[in-house]
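A quick write-up on the structure given underneath.
This is a predicted model, so every value here is computed, not measured. Index from 1, following the sequence. Excluded from the calculations below are hydrogen atoms, water molecules and symmetry mates; all remaining heavy atoms, backbone and side chain alike, are included.
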Amino acid sequence: MLKATEEIKVYELKKGDFSVKITNYGATVLSVILPDKNGKLDDVVLGYDSIDDYKNDTTYFGGLIGRVANRIGGAKFELNGVEYKLPANDHGNTLHGGSKGFSSVIWTVEDFQEDSHLTLTYNSFDGEQGFPGNLSVEVTYMFIETNKLALIMQAKSHNKATPVNLASHSYWNLGGHNSGDILSQTIQIFGSKITPVNDKLIPNGEITPVEGTGFDFLQPRTIGSKLSEIPGGYDINYVLDNTEGKHLQRVAIVQESKSGRKMELWTNKPGVQFYTSNMLDNVKGKGGFIYSKYAALCLETQGFPDSVNHPNFPSQIVNPGETYKHIMVYRFTAS
């Protein structure tokens, strides 16, 4: 039998100057290399030099998060009259699927075409990290045209109803992963409401407007411009606008002035977690560069945090025979 370490590989998707490296360990994005306005190439996601560093990681750099991304309050939930207890790996709550979520398992490569796509699968067993039912999961990373990257995440429940909330946890810095903090970068977030949280980052069940608060990015502004109003930085779920209908909706636009790089994001999910790397504390990353607080931003499209314990939030329950589908589309330009 192969040792786990022998099964871990790195796959590169490449089209012109645009390249993405992914490993089947955690279906993790290792690098995204893009030209700036002068054609200079930079890696715009944070990460490590060695796969082993990802195994001991608490940042979730680039990971594919599941079975349920974000937090579940009290590390438990009730479904169809049964209470399910989960690993309490975050101040008495469950974070990002538990102590060994989907970003910490080895996925199977189903299909790989260098100039097109990479498809990985994982079979999650009944009771894994406390969650009910067998679940088959698939993620495809795919180039669209010359400058778009799509993620298609799917999950099929087989024998029991289960919550599912997959997410991609890349840490973006459009100036380059080693360019410093992201506070001068501009962001626009197409969400006019947030789900407020307590001091352990568990939603209180309310949905409140951002207008007139430090959370309001309905018009583009620099990430640091109202940081004084947000102690510790941003780590909040935005309720995206125009979630009706089948089409993808705009999530956010991020711009970095020096490189001229711009990233636009669309999804089919109702929320996005905007996180400004508040907990990064001098982490040694690629090339020995030290990542500190605010070194990057995350835009994790998702269902709402702790939905299993808030009936007023959109349901994340996938019943047997149903298929969960989560789409993200990024467009990268530079001018």
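Side-chain atoms of V109 and D111, non-hydrogen and from C-beta on, never get closer than 4.5 Å to each other. Taking 4.5 Å as the limit, some side-chain heavy atom of L174 sits within range of a side-chain heavy atom of M263. By the 4.5 Å heavy-atom criterion applied to side chains, L64 and W107 are counted as neighbours. Put simply, the side chain of I33 does not reach to within 4.5 Å of the side chain of D17, judged on heavy atoms. Two residues are said to be in side-chain contact when any heavy atoms from C-beta on lie closer than 4.5 Å; K37 and S335 fail this criterion. Contact annotation: the side chain of V137 approaches that of L135 to within less than 4.5 Å [non-hydrogen atoms, C-beta and beyond]. L240 is listed as a side-chain neighbour of V272, based on a closest heavy-atom distance under 4.5 Å. Annotation: side chain of F332 is not in contact with side chain of P35 (no heavy-atom distance under 4.5 Å).
Hydrophobic clustering of Ile, Leu, Val, Met, Phe, Trp and Tyr side chains at less than 4.5 Å, counting indirect connections, keeps I202 apart from F313. Taking hydrophobic clusters as Ile, Leu, Val, Met, Phe, Trp and Tyr residues chained together by side-chain heavy-atom distances below 4.5 Å, I72 does not share a cluster with Y324. Cluster annotation: L34 and V20 are assigned to the same hydrophobic cluster (Ile/Leu/Val/Met/Phe/Trp/Tyr, side-chain heavy-atom contacts under 4.5 Å, transitive). V44 and I253 fall into different hydrophobic clusters, where Ile, Leu, Val, Met, Phe, Trp and Tyr side chains are chained together by heavy-atom contacts under 4.5 Å. Residues I8 and I22 share a hydrophobic cluster, clusters being chains of Ile/Leu/Val/Met/Phe/Trp/Tyr side chains in contact below 4.5 Å.
A donor-acceptor pair shorter than 3.5 Å cannot be found between the side chains of H169 and S103. Remark: the S179 side chain and the N173 side chain contain an N/O donor-acceptor pair separated by less than 3.5 Å. Side-chain contact of Q302 with Q273: a donor-acceptor pair under 3.5 Å is present, judged by distance alone. Looking only at atom types and distance, the side chain of N93 has no donor-acceptor partner in the side chain of D90 under 3.5 Å away. Counted by atom type alone, R221 and T186 present zero donor-acceptor pairs between their side chains at under 3.5 Å. E322 and S157 form no side-chain donor-acceptor contact under 3.5 Å, judged by distance and modelled atom types alone.
Nearest heavy atoms, D235 versus M279: OD2-CE, 3.8 Å. The two atoms that bring E138 and T119 nearest to each other are CG-CG2, 3.7 Å, heavy atoms only. Across every non-hydrogen atom of T146 and K15, the tightest pair is CA-CD, 4.3 Å. Between T195 and I236, the shortest heavy-atom contact is O-CD1, 3.5 Å. Scanning all heavy atoms of the two residues, the minimum distance from K226 to T213 falls at NZ-O, 4.1 Å. The two atoms that bring Y11 and F112 nearest to each other are CD2-CD2, 3.8 Å, heavy atoms only.
To the nearest 0.5 Å, the span separating CG on N159 from CG on N134 amounts to 4.5 Å. If you take CZ on F217 and CD on Q188, they are separated by 11.0 Å, rounding to the nearest 0.5 Å. Atoms CD1 and CD, from I194 and E206 in turn, are 10.0 Å apart once rounded to the nearest 0.5 Å. Summarising the geometry, atom CG belonging to L13 is positioned 9.0 Å from atom CG belonging to D115; distances are rounded to the nearest 0.5 Å. Within the model, atoms CG of L30 and CD of E12 stand 10.5 Å from one another, a figure rounded to the nearest 0.5 Å. In this structure, CD1 on I106 lies 5.0 Å from CD on E7, to the nearest 0.5 angstrom.
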Test log, rule side-chain contact (heavy atoms from CB on, under 4.5 Å), inputs T94 and R71: CA-CA 5 Å; T94 302; R71 289 171 175 83; over 6 Å; no
Residues D306, Q316; criterion side-chain contact (heavy atoms from CB on, under 4.5 Å); working and verdict: CA-CA 10 Å; D306 199 28; Q316 292 173 1; over 6 Å; no
Salt bridge (charged side-chain N to carboxylate O under 4.0 Å, His left out) between K40 and D42, worked out: CA-CA 7 Å; K40 178 178 172 282; D42 287 298; 2.9 Å; yes
S168/E300 under side chain to side chain donor-acceptor pair (under 3.5 Å): CA gap, chis, key distance, verdict: CA-CA 6 Å; S168 176; E300 306 154 61; over 6 Å; no
Derivation and outcome, side-chain contact (heavy atoms from CB on, under 4.5 Å), residues K293 and N278: CA-CA 5 Å; K293 193 173 183 173; N278 316 326; 4.3 Å; yes
Verdict with supporting geometry, V254 and I187, side-chain contact (heavy atoms from CB on, under 4.5 Å): CA-CA 4 Å; V254 184; I187 193 168; 3.9 Å; yes
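Comment: K85 engages E83 in a salt bridge, judged by a side-chain N to carboxylate O separation of less than 4.0 angstrom. Using a 4.0 Å cut-off between charged nitrogen and carboxylate oxygen, K286 and D43 count as a salt-bridge pair. Using a cutoff of 4.0 Å between basic side-chain nitrogens and carboxylate oxygens, E264 and R331 are scored as salt-bridged.
No donor-acceptor pair under 3.5 Å is formed between the side chain of H177 and the backbone N or O of G47. Between the side chain of D126 and the backbone N or O of G133 there is at least one donor-acceptor pair closer than 3.5 Å. Side chain of S259 to main chain of R261: a donor-acceptor pair is present (N/O by atom type, distance under 3.5 Å, no hydrogens or angles). At least one donor-acceptor pair closer than 3.5 Å links the side chain of D241 to the backbone N or O of S192. A donor-acceptor pair is defined here as one N or O able to donate and one able to accept, closer than 3.5 Å; no such pair exists between the side chain of N237 and the backbone of F304. A distance-only check finds a donor-acceptor pair linking the side chain of T267 to the backbone of I327 [under 3.5 Å]. A donor-acceptor distance shorter than 3.5 angstrom exists from the side chain of N89 to the backbone of G98, with no hydrogens or angles considered. When atom types are taken as modelled, the side chain of N165 and the backbone of A69 share a donor-acceptor pair closer than 3.5 angstrom.
Contacts classified as ring pair (Phe, Tyr, Trp, His ring centres under 6.0 Å) and involving residues 126-154 (residues at least two apart or in different chains) are given here: F18-F143. Note on residues 28-56: pairs passing ring pair (Phe, Tyr, Trp, His ring centres under 6.0 Å), not counting sequence neighbours, are Y48-Y54, Y48-F61.
Y291 has its ring centre no less than 6.0 Å from the ring centre of Y171. In summary, the aromatic rings of W172 and Y330 are positioned with their centroids under 6.0 Å apart.
In this structure, F274 and Y234 have tilted ring planes: the angle between them lies in the 30° to 60° band.
Tested against V139 for a side chain to side chain contact (heavy atoms under 4.5 Å, CB included), the candidates Q154, H326, M153, E110 yield a single pass: M153.
Its side chain within the 4.5 Å cluster rule, Y60 clusters with I65, L95 among the Ile, Leu, Val, Met, Phe, Trp and Tyr residues.
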